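Heads up, the thing below is written out as C-alpha cells.
Remember, predicted model here, so these are calculated numbers, not experimental data.
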Amino acid sequence: MGNIFSCCESCFQSRSSQSYEPLLLENEREAVADLLQYLENRTTTNFFSGSPLSALTTLSFSDNVDLQRSAALAFAEITEKEVRPVGRDTLDPILFLLSSHDTEVQRAASAALGNLAVNTENKLLIVKLGGLEPLIRQMLSPNVEVQCNAVGCVTNLATHDDNKTKIAKSGALVPLTRLARSKDMRVQRNATGALLNMTHSDENRQQLVNAGAIPVLVGLLNSPDTDVQYYCTTALSNIAVDGSNRKKLAQSEPKLVTSLVQLMDSTSLKVQCQAALALRNLASDEKYQLEIVKADGLQPLLRLLQSTYLPLILSSAACVRNVSIHPQNESPIIESGFLQPLINLLSFKDNEEVQCHAISTLRNLAASSEKNKLAIVKAGAVHSIKELVLDVPMNVQSEMTACVAVLALSDDLKGQLLEMGICEVLIPLTNSPSSEVQGNSAAALGNLSSKDGRTASDDYSAFNDVWEKPEGGMHQYLHRFLTSPDATFQHIAVWTIVQLLESGDPQLMSNIRSSGLLIPNVRELAVSRSVTPTSSAGGTPRSHRSQARSYQETEVGDGQGEIQELARKILYFVDGDEQVAPASSAPSHIQPGSSVGRESNASGMDHEELRRSVRDALGGSSRGQYH
C-alpha cells in the first residue's frame with residue numbers, strides 16, 4: 001500500500017503549495033482523505049461497496065493522473081487479497097482506468113481486472129461490459145508489464161465457455177499469437193495459456209488456425225519453460241482432434257512428431273502426459289501412426305506405460321492403441337516389448353479405460369499375423385482374459401471377447417484355446433445385457449467351432465463338455481440366438497450349428513439331433529421368412545481369412561435367405577433328407593468389430609439400434625481406435 005499512500009499524499013502536498021491553483025476538486029479532496037482513512041483500517045474495510053467504493057470511483061474518474069494511479073493501485077492490491085463477485089459499480093471505474101493513457105494506470109487496472117476475472121460471475125460481467133476492447137488495446141502496448149497483465153486477464157476470461165467465442169470474434173487471437181513469441185517469459189506463458197483456453201471448441205480452434213497459431217505453438221514446443229511446453233502441447237493436442245487440422249499439421253509441420261516424442265522424456269510429468277495425448281490424437285491418421293514408430297516413439301511410450309502414475313499410463317495406453325491400428329506397426333510394437341506390460345494392464349481394476357486400451361491394443365496386434373496371434377497367446381493374454389472377463393465392466397468385456405474372437409481365427413490356436421477352457425467364460429457372456437458382448441462372445445465361439453481343412457483328428461470334445469453348462473451351456477446359448485427377434489443373432493446361431501455338425505463329432509451330432517430346443521426352431525427358420533429384415537448399418541466387410549460367404553459377407557436383404565439356407569442344411573444333417581439340398585459349404589469366420597466402449601442394452605434399445613450395434617460388433621475389417 002506504500003505506493004498508494006505516496007500517490008495520495010503527493011496530491012495533498014501539491015495542493016498546499018501557494019504557487020499553483022488548487023489541483024483537486026472538493027469531492028476529490030474528500031475522496032483522498034476518506035481513502036487514506038480506509039487504508040489505515042483496510043483489514044476491516046469492504047472496498048467493494050458503500051463509501052470506500054465511492055471514494056475509489058471518484059478518484060478513478062478524476063482528470064488527475066495521480067489520483068487515477070492511486071485508485072488503480074488500490075484496486076490492484078485490494079483484489080490481490082480478496083476476490084468476490086462484484087457488480088457494475090465496481091467494474092465500471094476499473095474499465096475506465098483501462099482506457100487511461102498512463103502506463104502505470106493501465107498496468108494496475110489490468111492487474112485488478114485480472115484478479116477479479118478469477119471469479120466465474122465476474123468473467124461474464126467483464127466481457128458483457130465491454131472489457132475485451134480495452135484489453136486488446138493493452139495487449140498491443142509497447143510496455144511489457146501492461147502486456148503481461150492484459151494477456152493474463154484474457155487468459156482468465158477465456159476459461160469460461162460463454163466467453164470463448166466472444167474472445168475469438170473480438171480480434172484478440174492475432175495479438176495473443178504474436179505475444180506468444182514474446183521474449184518476456186511471463187507474457188509468453190500468459191499468451192500460450194490463453195491460446196490453450198481457446199482450443200476447446202471446433203469453431204474457436206479453426207479461428208486459431210486461421211490466426212496463424214499452429215507454427216507458433218509448434219515452435220514453442222522447444223521452449224525451455226515447462227509451463228509453455230505444457231500449454232503448447234495441450235493446445236496442439238486439442239487442435240489435432242480435427243481431421244482437417246491434422247492434415248494441415250502434416251503438410252506444414254514436419255518436425256512435430258519428433259518434438260512430441262522428445263517431450264515424452266521431459267522432466268515434467270504433465271508435459272510427458274500431454275505429449276503422449278497429442279500423439280494419440282495425431283495417430284488417428286495412418287500417416288502419423290507410421291511416423292510415430294519411425295521417430296522412435298515406441299520406447300518412450302513403453303516407459304510411460306510402465307509408470308506408476310495413472311495419467312501417464314492412461315495417455316500412453318491410448319496412444320499405443322491408435323498406433324497399433326496400422327498393420328505395419330503390429331510387429332514393431334510386439335518386438336519392442338509391449339506384450340507383457342499390456343497384459344499386466346488387463347487387471348488394472350482402478351481404471352477401466354486403461355483396461356480397454358490395453359485389450360484393444362492386443363486385439364489390433366493380433367489382427368493380421370498368425371505369428372503375432374501365437375505370441376499374444378504365449379505371453380498369457382488368454383489366460384488373463386479368462387481369469388478377468390466375467391468380473392470386468394461391460395466395456396472391457398466387449399473388448400476382451402472381441403480379442404478372443406480375433407485369436408480364434410487362427411486354426412493353429414483353436415485347439416489350444418479350447419483346452420484352456422475359454423468356452424466356460426464365453427458362454428455366460430452370450431447372455432450379457434450388452435449386445436456387443438453377446439455378439440463378440442458368439443463370434444468367438446463360432447470361430448472356435450470352424451476350421452479350414454478339417455481332419456479326423458480334430459478334437460471337438462470341448463464343445464461336448466460345455467453343452468449343458470455353465471449357465472445352460474452351448475445348448476441354451478444357441479436356443480436363445482435361434483429364438484431372438486433379431487436376424488443377426490439367428491444367423492450366428494444357425495451358422496455355428498452348421499460348423500458343429502460339419503465337425504463329424506458323434507456326440508455333438510447326437511446332442512444337436514436330440515435337442516427339443518434347437519431342432520423345432522431350426523425347422524421353423526427353414527420355412528419361415530418372417531424374421532426381422534437385415535439392416536444396412538455397419539456395412540458388409542469381408543474377413544481377411546474367409547473364402548466362403550459368411551454372416552459378415554451377406555449382402556443387405558439377403559440375410560433371410562442365408563438363415564433359411566443354413567437352417568435347411570442343418571435339417572439335412574439331422575434328418576438325412578436328400579430332398580433338402582445342402583448349401584455349398586466351406587468354413588468361414590465371424591469377426592468382431594471396432595465399436596469401442598459403446599454399451600448396448602438389448603432390452604432397452606429399439607430394433608434398429610440393436611441391429612447397428614451388432615453389425616458394428618461383428619463387422620469384419622475394423623480395428624479398435626480410440627478418439
Counting distance only, does the side-chain N/O of [X] pair as donor-acceptor with the main-chain N or O of [Y] below 3.5 Å?
{"X": "Ser410", "Y": "Leu407", "answer": "no"}
{"X": "Thr430", "Y": "Ile427", "answer": "yes"}
{"X": "Thr155", "Y": "Asn190", "answer": "yes"}
{"X": "Asn395", "Y": "Glu352", "answer": "no"}
{"X": "Tyr288", "Y": "Ala250", "answer": "yes"}
{"X": "Asn163", "Y": "Leu157", "answer": "yes"}
{"X": "Thr361", "Y": "His357", "answer": "yes"}
{"X": "Asn122", "Y": "Leu116", "answer": "yes"}
{"X": "Ser336", "Y": "Phe338", "answer": "no"}

Legend entry - Worked check of side chain to side chain contact (heavy atoms under 4.5 Å, CB included) between Thr401 and Gln438: CA-CA 9 Å; Thr401 50; Gln438 292 179 49; over 6 Å; no
Which atom of [X] lies closest to which atom of [Y], heavy atoms considered:
{"X": "Val187", "Y": "Val151", "answer": "O-CG1, 4.5 Å"}
{"X": "Gln138", "Y": "Ala150", "answer": "CB-CB, 3.8 Å"}
{"X": "Ala405", "Y": "Asn447", "answer": "O-ND2, 3.0 Å"}
{"X": "Val354", "Y": "Asn351", "answer": "N-OD1, 3.0 Å"}
{"X": "Ser450", "Y": "Lys414", "answer": "O-CE, 2.8 Å"}
{"X": "Gly114", "Y": "Asn156", "answer": "O-ND2, 3.0 Å"}

Side-chain donor-acceptor contacts of residues 380-389 below 3.5 Å, not counting sequence neighbours, with atom names and distances?
residue	atom	partner	partner atom	Å
Ser384	OG	Gly380	O	3.3
Lys386	NZ	Met420	O	2.8

Looking at side-chain heavy atoms only, is the closest gap between [X] and [Y] below 4.5 Å?
{"X": "Ser223", "Y": "Gln188", "result": "yes"}
{"X": "Pro470", "Y": "Pro428", "result": "yes"}
{"X": "Ser244", "Y": "Gln206", "result": "yes"}
{"X": "Leu196", "Y": "Leu217", "result": "no"}
{"X": "Lys373", "Y": "Asp412", "result": "no"}
{"X": "Val377", "Y": "Leu374", "result": "no"}
{"X": "Ser266", "Y": "Gln229", "result": "yes"}
{"X": "Val261", "Y": "Pro300", "result": "yes"}

Give, for atom [atom1] of [X] and atom [atom2] of [Y], the distance between the pair rounded to the nearest 0.5 Å.
{"X": "Ile214", "Y": "Leu195", "atom1": "CD1", "atom2": "CG", "answer": "11.5 Å"}
{"X": "Ser369", "Y": "Ile334", "atom1": "OG", "atom2": "CD1", "answer": "7.0 Å"}
{"X": "Thr308", "Y": "Ile313", "atom1": "OG1", "atom2": "CD1", "answer": "7.0 Å"}
{"X": "Leu346", "Y": "Cys356", "atom1": "CG", "atom2": "SG", "answer": "10.5 Å"}
{"X": "Ser307", "Y": "Leu314", "atom1": "OG", "atom2": "CG", "answer": "11.5 Å"}
{"X": "Asn329", "Y": "Asn322", "atom1": "CG", "atom2": "CG", "answer": "11.0 Å"}

For [X], all residues meeting side chain to side chain donor-acceptor pair (under 3.5 Å), sequence neighbours excluded:
{"X": "Lys123", "result": "Thr159"}
{"X": "Glu291", "result": "Lys287"}
{"X": "Asp225", "result": "Arg189"}
{"X": "Glu145", "result": "Arg186"}

[X]: side-chain contact (heavy atoms from CB on, under 4.5 Å) partners, not counting sequence neighbours:
{"X": "Ala379", "answer": "Leu339, Gln340, Ile343"}
{"X": "Glu80", "answer": "Asn115"}
{"X": "Pro254", "answer": "none"}

Legend entry - Distance-only donor-acceptor check, side chains Glu330 and Ser368, under 3.5 Å: yes
Legend entry - Polar side chain donor-acceptor pair, Thr233 to Gln274, under 3.5 angstrom: no
Legend entry - Pair Asp350-Leu310, side chain to side chain contact (heavy atoms under 4.5 Å, CB included): steps then yes or no: CA-CA 9 Å; Asp350 293 340; Leu310 176 58; 5.9 Å; no
Legend entry - Among Ser347, Ser360, Pro393, side chain to side chain contact (heavy atoms under 4.5 Å, CB included) partner for Gln355: Pro393
Legend entry - Pairs touching residues 257-276 that satisfy salt bridge (charged side-chain N to carboxylate O under 4.0 Å, His left out), sequence neighbours left out: Asp227-Lys270, Asp265-Arg303
Inset, instruction - Sorted by first residue and then second, give each salt bridge (charged side-chain N to carboxylate O under 4.0 Å, His left out) pair with at least one member in residues 165-183; sequence neighbours left out. - result: Lys169-Glu203
Legend entry - Sequence-distant partners of Asp202, salt bridge (Lys or Arg N to Asp or Glu O under 4.0 Å), two or more places apart: Arg205
Legend entry - Pairs where residues 245-264 contributes a residue and the test side chain to side chain donor-acceptor pair (under 3.5 Å) is met, not counting sequence neighbours: Asp242-Asn245, Arg246-Asp285
Inset, instruction - Walk me through it: do Ile167 and Asn197 pass the test side chain to side chain contact (heavy atoms under 4.5 Å, CB included)? - result: CA-CA 11 Å; Ile167 292 172; Asn197 288 340; over 6 Å; no
Inset, instruction - Decide side chain to side chain contact (heavy atoms under 4.5 Å, CB included) for Cys153 and Ser110; before the verdict, give the C-alpha distance in whole Å, the side-chain angles of both, and the deciding distance to 0.1 Å. - result: CA-CA 7 Å; Cys153 184; Ser110 57; 5.7 Å; no
